Amino acid sequence: MNLAEHLDGVHVAVCAGAGGVGMTPTAAALAAGVAQRGRRVLVLTIDPARRLAGALGLPQTDDDEHEVDLAAHGMDGPGSLHAAMLDARRTFDALVREQAPSPEAAGRILRNPIYGQLAGAVAGSHEYMAMERLYEVWAGGRFDLIVLDTPPSRHALDFLEAPGRITRFVDGKALRLLVRPGMRAGRLGLRVLPGSGMALGAVERLTGTELLTDVSEFLAGFDGMYEGFRRRADEVARLLASAETTFLLVTVPQPEPMTEADFFWRALRERDLPFGGVVVNKVHPSYVGGARSRVRGRARRALAAAGVPADVADRAAENLLHFQSLADRDRANIERLQARVGADALIEVPLLDHDVHDLEGLSAVAGHLLSAT
Amino acid sequence: MLATMSLSARRLVIVSGKGGVGKSTVSAALGMAAAGRGLRALLIEVASQERMSLLFDQGGPIGYHETPVYPGLDAFSIDPEKALEEYLVSQLKVRAMVERLVSNRAFGHITAAAPGLRELVTLAKIRQLVDRGRHDIVVVDAPATGHGLGFLKVPRNFIRVTHTGPVHARAVWVAGLLEDAERTAVVIVTTPEELPVTETLEAIADVDGQGVPLAGVIANAVFEPLFEPGDGEALAAVPAGGDAGAAAAAARTRIARTADEAEQLARVRRCLGVLPFLFEPRLDTAAVAGLGERLARL
């Protein structure tokens, strides 16, 4: 497929995948490549490796948008590249301040211990905040393309469902049934009744009154903000499902990440979300053809003919056999995924001799990603 | 002297690390190594990942119960929903009520979003399986949090935001085992790449002095030494193309990556062991057993 042309037609590219597949370098390389083609691009990253953050000119201390000096690396063009690091807590804080009816109300929420847990390193909050920040930047209209590097998710569904889950928690459709005036006064006792009374009693038995009081105060703090949160979640969902957006799945050609990619692809289809393709990183190139049983002998003889000492030739021949078996394994895994998602939906990036940690490296990856096929 | 106490002397070994570094493989290898020493070992996976069923060719899920997977080794897959249900039964006593409760949508919404609740009931189930005493050692393949050892900090977080009540008591009970360096050891798995090593170092810094009994780091998927110094030069003159060119190109890749790996491994502190990169197309039980032998002296 031609990923460059595909990206020219969208304003949001969401990169998603399991951990350890090179999602952040892929997102950064895509952004740099599209910027070189003349668009104003922002890459929103999560936890970039320190050297990659350095290459993008990102300090570790803030989540502002910083312009990357492409010209200094001989990558200048008509476009521009900005980068920003996502910080879930800051984004959540900003959202609360924006939605709260008064600074005092915002302060009450920000100081609540339950809020501290919710906004911290809790499953789902990072995903929610990534979406929130994406929407905020998109609505600002300062960029032609936003490339979003998402938190690695073991289960693709978690990533797609976390925003809804968090919103349900604070929007309190369920909790408003439970948290009623008077509840804060103290114990309600256990009511063996179907429905909310029983649920609340059970929750109280589980958590103790004190935790429940914190939760109810937290939710009371959100009272009046539920609508804003829900509206925002709906808007984000609409943006993600629109023709402005594309989802790119990032993987490596090992069985588990490939299974994850297939799983995510199905999840996108079930939700009618726009699928742009699968980027397969770290593909071992095929070195030699022919019967594997002969590879070692052939290489040994050819190296000897080229004047390589016998012991070095032995080691190089053994290594060739090893690397060729990795290439064969990768090919089989890629063909299996191609059979599922379509042969032209896969974009392969070969394994590089070194990890990508500078703009030149990103530019090389961008070449693989965006070259027309 | 706790730092030098062997892993197999602990009751609970928790294997943590970034996604994609081979945590499940290393957990299985540790379990097999313990079984190989004659210990009765239990391998626990969490969040219904069901990776062990593949590694041990089970032909079906492990499930929420002990399943023998190898001589001396059982596996157990903790589904947080089931662990929560069990906890509710223990608290509320009346099973019929629990069943009505878990089918209540409002309750489902609260527990789905309640921060850390799934992790806490999972950890409580782990403690229950340790305390039951049917196994000498329990190895846990912890979830990839992406954020250091967040999973292990959940009980502390609950203790911080609650001061009394059943959840508080539960969190204290769980932390009592997790933070006991005589019974528990935490191992972080990394690959010799920049990002996993950096996250490992950050995780170590994050938990240092926080009560988490960190035993050390296992480096996984490290290229074994093959080429010798000078081999690169001997291959440099080989022209591109053909079988010789292919062998020289593959050698250059391995030499370059080996050098990068050495640089990254040098950054790892408290390294307990190094496991080799395996070229086998598929990781089977025999391959994992081979890794276990490398960890036998831990």
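Everything quoted here is computed from the prediction, not taken from an experiment. Below, each value reflects all heavy atoms present in this structure, side chains not excepted, and no hydrogens, waters or symmetry copies. Per chain, numbering begins at 1; letters A, B, ... match sequence-line order.
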Does any non-hydrogen side-chain atom of B:R118 lie less than 4.5 Å from one of B:E81? yes
For residues 290-302 of chain A, give me every residue with a non-hydrogen atom less than 4.5 Å from any non-hydrogen atom of chain B. A:R298, A:A299, A:A302
Judged by atom type as modelled, is there a donor-acceptor pair below 3.5 Å linking the side chain of B:K23 to the main-chain atoms of B:A142? yes
Quick check: do A:L86 and A:T45 have side-chain heavy atoms less than 4.5 Å from each other? no
Could you go step by step and tell me if B:R257 and B:E263 meet the salt bridge (Lys or Arg N to Asp or Glu O under 4.0 Å) rule? CA-CA 10 Å; B:R257 293 210 77 96; B:E263 204 179 297; over 6 Å; no
When you check the gap from the basic side-chain N to the acidic O, do B:E199 and B:R267 get nearer than 4.0 Å? no
Salt bridge or not for B:D141 and B:R51, using N-O below 4.0 Å? no
Any idea how B:F223 and B:F279 line up, ring-wise: parallel (<30°), tilted (30 to 60°), or perpendicular (>60°)? parallel
Does any backbone or side-chain atom of A:L303 lie under 4.5 Å from a heavy atom of chain B? Answer side chain, backbone, both or neither. both
Region of A:L351 that comes under 4.5 Å of a non-hydrogen atom in chain B: side chain
Do the side chains of B:E193 and B:Q264 get nearer than 4.5 Å, heavy atoms only? no
Heavy-atom proximity to chain A below 4.5 Å, by part of B:D260: side chain
In terms of heavy-atom pairs under 4.5 Å with chain A, the winner among B:V21, B:D231, B:V238 is B:D231
